[in-house]
Each structure stands twice: as C-alpha cells, then as structure tokens.
Q: 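The structure that follows is given in the form of structure tokens.
Each chain gets a letter, A, B and so on, in the order its sequence line appears, and its residues count up from 1. Keep in mind the model is a prediction, meaning the values are calculated, not measured.
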2 protein chains.
Amino acid sequence: MGRKLDTERGCIYSLKRISRFIEPSLLLFLSREPGHGYELLEKVRSLGFDEDQVDVGGVYRTLRRMEREGLVRSRWERVGGRRRRVYLITEKGKGALEEWVQRIEERRRALGRFLKVYYRRRR
Amino acid sequence: MGRKLDTERGCIYSLKRISRFIEPSLLLFLSREPGHGYELLEKVRSLGFDEDQVDVGGVYRTLRRMEREGLVRSRWERVGGRRRRVYLITEKGKGALEEWVQRIEERRRALGRFLKVYYRRRR
DNA sequence: TCACACATATGTTTTTTACATATATACTAT
DNA sequence: ATAGTATATATGTAAAAAACATATGTGTGA
C-alpha cells in the first residue's frame with residue numbers, strides 16, 4: 001500500500017500494517033499439522049490480522065526462508081495430479097514458535113495498555 | 001538487528017518486532033496533552049511494545065513526518081533556557097488516531113485468535 | 001571540569017512490505 | 001472445445017519502515 005498509493009486511492013490517512021505476523025502464524029498452523037502454502041495462506045487469513053488480504057507472495061517467500069533457516073522442512077506431494085510442497089515444522093521451528101508466543105502475549109498486553117490510555121478519558 | 005546480526009550475537013532464533021506502534025502511540029499521548037520528543041519517547045517506552053528500547057531517532061523522525069503530513073503541529077518552547085519542540089495534535093491527527101484505535105482493536109483480537117489456536121491443544 | 005541527563009536530529013544500511021508478474025494444472029460452466 | 005476460475009507455487013522490484021550509528025548542544029550536580 002504505502003503512503004503514495006494511499007493518496008492515489010484518495011484515502012485521507014495512510015495507516016499501514018502493524019505486522020510481522022506471517023512467520024508466527026505459519027509456525028502456529030504447522031505445529032498443528034503439516035500443510036502447503038495455499039492452504040496455509042487461507043489459515044493465516046482466517047486469523048484476520050490484515051484488513052486486506054494477506055500477501056500470497058509473502059507467504060511463499062516466508063516458507064522458503066524458514067526452510068533455509070531450518071524452522072520447517074518440505075517435500076513435494078501429488079494429490080490428484082496436483083503438486084504441492086508440503087511443509088513440516090522442525091524442533092527448531094517449535095522453539096521459535098514458543099518464543100513468538102511469548103512475544104505475542106507481550107504485544108497483546110501492550111495493545112491493551114494502549115487502549116486503556118485511549119479510553120481513560122473519553123466515553 | 002536482523003537475521004544476520006542475530007546469528008552474530010549467537011541467538012538461536014531471530015524474532016523481530018511486530019511493529020508500527022510509534023506513530024499511533026505518539027498520536028495517543030498528544031491527544032491527551034501537548035508534548036515534546038524526549039518526553040514522548042519515555043511515554044511510548046512505558047507502553048512496553050518493545051522488549052528493547054524504543055528507537056530515539058524513530059520517535060523524532062516520526063514526529064517530523066507527522067508534522068509534514070499535518071497530523072501534528074509544533075512550536076519551540078524555552079523551559080529554563082532549555083529549548084524544546086512542543087508538538088500539538090491537529091484535527092486530522094485526531095482522525096488518524098481514531099482509525100489507529102480501530103486498527104489496534106482489530107489487531108488485538110487477531111492476537112487473541114492466534115493465542116486461542118495455540119493453546120487449543122496444549123496445556 | 002567532568003559526567004550525565006536532557007533534548008533534537010540526520011545518515012546509512014538492512015529488513016519488511018506491497019504490489020506486480022509469471023507459470024502451470026484442474027475443474028466447471030457454456 | 002474452450003474460456004474462465006480456483007488451485008498452486010513462485011520471483012522481481014520498489015517503497016516503506018526499522019535498526020543502528022552518530023552528531024550536536026545545553027543544563028545540572030558532584
């Protein structure tokens with residue numbers, strides 16, 4: 001999106017994402033069961049972090065990066081002639097998820113503090 | 001920081017910030033009362049979004065950008081010989097804050113969904 | 001006068017995001 | 001048949017944001 005495009009779109013304010021959620025979300029779903037990119041994309045979208053759509057390219061790119069870093073492994077699968085790269089979480093990936101969860105709980109509390117300050121006077 | 005530096009530091013996992021909180025936090029505090037950068041820096045830090053310290057440069061840069069965008073205005077003040085650039089929120093800035101609050105509430109709910117999925121099976 | 005807190009700011013590099021584009025197969029309606 | 005849509009996996013690139021370093025100057029207290 002970006003400020004430039006916001007203006008082009010005619011939006012008054014340009015609010016961007018408060019992000020970095022693709023990696024933890026992918027690890028989360030992969031910690032439950034193996035999955036492929038397209039499927040994981042839908043699951044990540046279901047969390048609703050993004051008012052728009054989650055970037056498809058971002059999901060695939062993040063999966064490949066996580067594989068390079070040893071957080072996940074992958075293998076090709078063929079389901080009815082359709083090829084899929086199915087990802088599995090590694091032990092290292094599980095450790096990373098645990099850390100993400102701590103981080104996310106912290107972040108959620110911080111957002112709570114933000115809102116507490118916001119609503120302190122009004123309403 | 002970044003992945004490279006994480007490795008250099010000897011960290012096992014490289015978790016980065018889930019960010020974009022400086023702008024909304026500055027608007028939040030300025031919606032309560034005018035303030036200058038150094039003071040606002042401390043207030044933003046008090047929200048605890050960041051496990052580390054909030055970037056000083058980021059705060060000042062964001063304030064200047066917001067002024068260019070008309071979200072805040074500023075004037076120099078002299079307090080005991082010490083010069084400060086005091087910022088005030090504008091009507092446009094208040095509008096932007098309202099939108100940020102919506103966004104932040106959404107985001108908080110999304111984090112809640114994330115954690116709900118995480119804790120669904122374990123514990 | 002030395003250190004430290006207060007105060008503001010910019011330069012630069014790296015990382016992340018956003019958006020566009022490319023490719024290929026399977027299925028579904030016309 | 002074939003055109004369109006859903007499934008599926010990527011990469012290229014530009015813009016934005018973040019991280020980190022550095023520069024500068026004043027006030028205050030030891």
Side-chain angles (χ1 to χ4, degrees), chain A residues 1-9 11 14-26 35-45 49-69 72 74-87, chain B residues 1-9 11 14-26 35-45 49-69 72 74-87:
Chain A
M1 199 197 308
R3 249 151 246 282
K4 203 178 89 258
L5 288 177
D6 275 334
T7 310
E8 283 165 8
R9 275 197 207 165
C11 297
S14 62
L15 308 181
K16 308 227 193 63
R17 290 167 185 77
I18 334 164
S19 307
R20 186 76 189 166
F21 60 91
I22 293 179
E23 177 175 319
S25 300
L26 291 172
H36 62 279
Y38 196 81
E39 184 189 5
L40 290 162
L41 172 72
E42 296 308 316
K43 290 186 177 179
V44 174
R45 283 182 173 159
F49 276 93
D50 229 292
E51 75 289 356
D52 298 336
Q53 296 257 305
V54 173
D55 185 60
V56 193
V59 167
Y60 286 107
R61 224 189 286 267
T62 304
L63 285 166
R64 305 310 301 276
R65 176 178 52 70
M66 290 197 299
E67 184 161 29
R68 284 199 304 278
E69 293 171 354
V72 297
S74 77
R75 54 165 193 251
W76 283 99
E77 263 184 24
R78 192 161 280 277
V79 181
R82 191 162 253 152
R83 76 201 233 294
R84 293 169 172 171
R85 191 195 279 273
V86 174
Y87 288 89
Chain B
M1 197 202 311
R3 251 150 243 284
K4 203 180 87 257
L5 288 177
D6 275 335
T7 310
E8 282 164 9
R9 274 196 207 166
C11 299
S14 63
L15 308 182
K16 309 229 192 61
R17 290 168 185 76
I18 334 165
S19 306
R20 187 77 188 164
F21 61 92
I22 292 181
E23 178 175 320
S25 300
L26 290 172
H36 61 280
Y38 196 81
E39 185 188 4
L40 289 162
L41 172 71
E42 296 307 317
K43 289 186 177 179
V44 174
R45 283 183 173 159
F49 276 93
D50 229 294
E51 75 288 357
D52 299 335
Q53 296 257 304
V54 173
D55 185 61
V56 192
V59 167
Y60 285 107
R61 224 189 287 265
T62 303
L63 285 166
R64 305 311 300 277
R65 177 178 52 73
M66 290 198 300
E67 184 161 29
R68 284 199 304 278
E69 293 170 354
V72 297
S74 76
R75 54 165 193 250
W76 283 99
E77 263 184 24
R78 193 162 279 277
V79 181
R82 189 162 256 152
R83 76 201 233 293
R84 294 170 172 171
R85 191 194 280 274
V86 174
Y87 288 89

Q: Between dT8(C), dT9(D), dT25(C), which one does the side chain of Arg82(A) approach most closely?
A: dT25(C)

Q: Here's a test of your reading of the structure: between Arg78(A) and Ile22(A), which maps to the more 5' nucleotide of DNA chain C?
A: Ile22(A)

Q: Under 4.0 Å between any heavy atoms, over every strand shown, what does Gly37(B) touch: base, sugar-phosphate, or nothing? Just pick one.
A: sugar-phosphate

Q: In whole angstrom, what separates Arg65(B)'s CZ from dA9(C)'s P?
A: 15 Å

Q: Figure out the CH2/C1' separation between Trp76(B) and dG25(D), and round it to whole Å.
A: 11 Å

Q: Send over the distance from Glu67(B) CD to dT10(C) P, rounded to a whole Å.
A: 12 Å

Q: Please check if the side chain of Glu42(A) supplies one atom and the backbone of Glu39(A) the other of a donor-acceptor pair under 3.5 Å.
A: no

Q: Whole angstrom is fine here: how far is it from OH in Tyr87(A) over to C1' in dA8(D)?
A: 12 Å

Q: Start with the C-alpha gap between Arg65(B) and Glu23(B), add the side-chain angles, then the distance that decides, and say whether salt bridge (Lys or Arg N to Asp or Glu O under 4.0 Å) holds.
A: CA-CA 10 Å; Arg65(B) 177 178 52 73; Glu23(B) 178 175 320; 3.0 Å; yes

Q: Whole angstrom is fine here: how far is it from CG in Asp55(B) over to P in dT22(D)?
A: 14 Å

Q: Using atom CG of Leu41(B) as one end and atom C1' of dC6(C) as the other, report the distance to the nearest whole Å.
A: 11 Å

Q: Nearest whole angstrom, please: distance from the P of dT17(C) to the OH of Tyr60(A).
A: 18 Å

Q: Would you check if there is a donor-acceptor pair between the side chains of Ser74(A) and Glu67(A) at a distance under 3.5 Å?
A: yes

Q: Between dA9(C) and Arg64(B), is there an OP1 or OP2 to side-chain N/O distance shorter than 4.0 Å?
A: yes

Q: From Ile22(B) CD1 over to Thr62(B) OG1, what is the distance, rounded to the nearest 0.5 angstrom?
A: 5.0 Å

Q: How close or far is atom C1' of dA7(C) from atom CZ of Arg84(B), stated in whole angstroms?
A: 9 Å

Q: What nucleotide, of dC19(C), dA8(D), dC20(D), holds the atom closest to the side chain of Arg61(B)?
A: dC20(D)

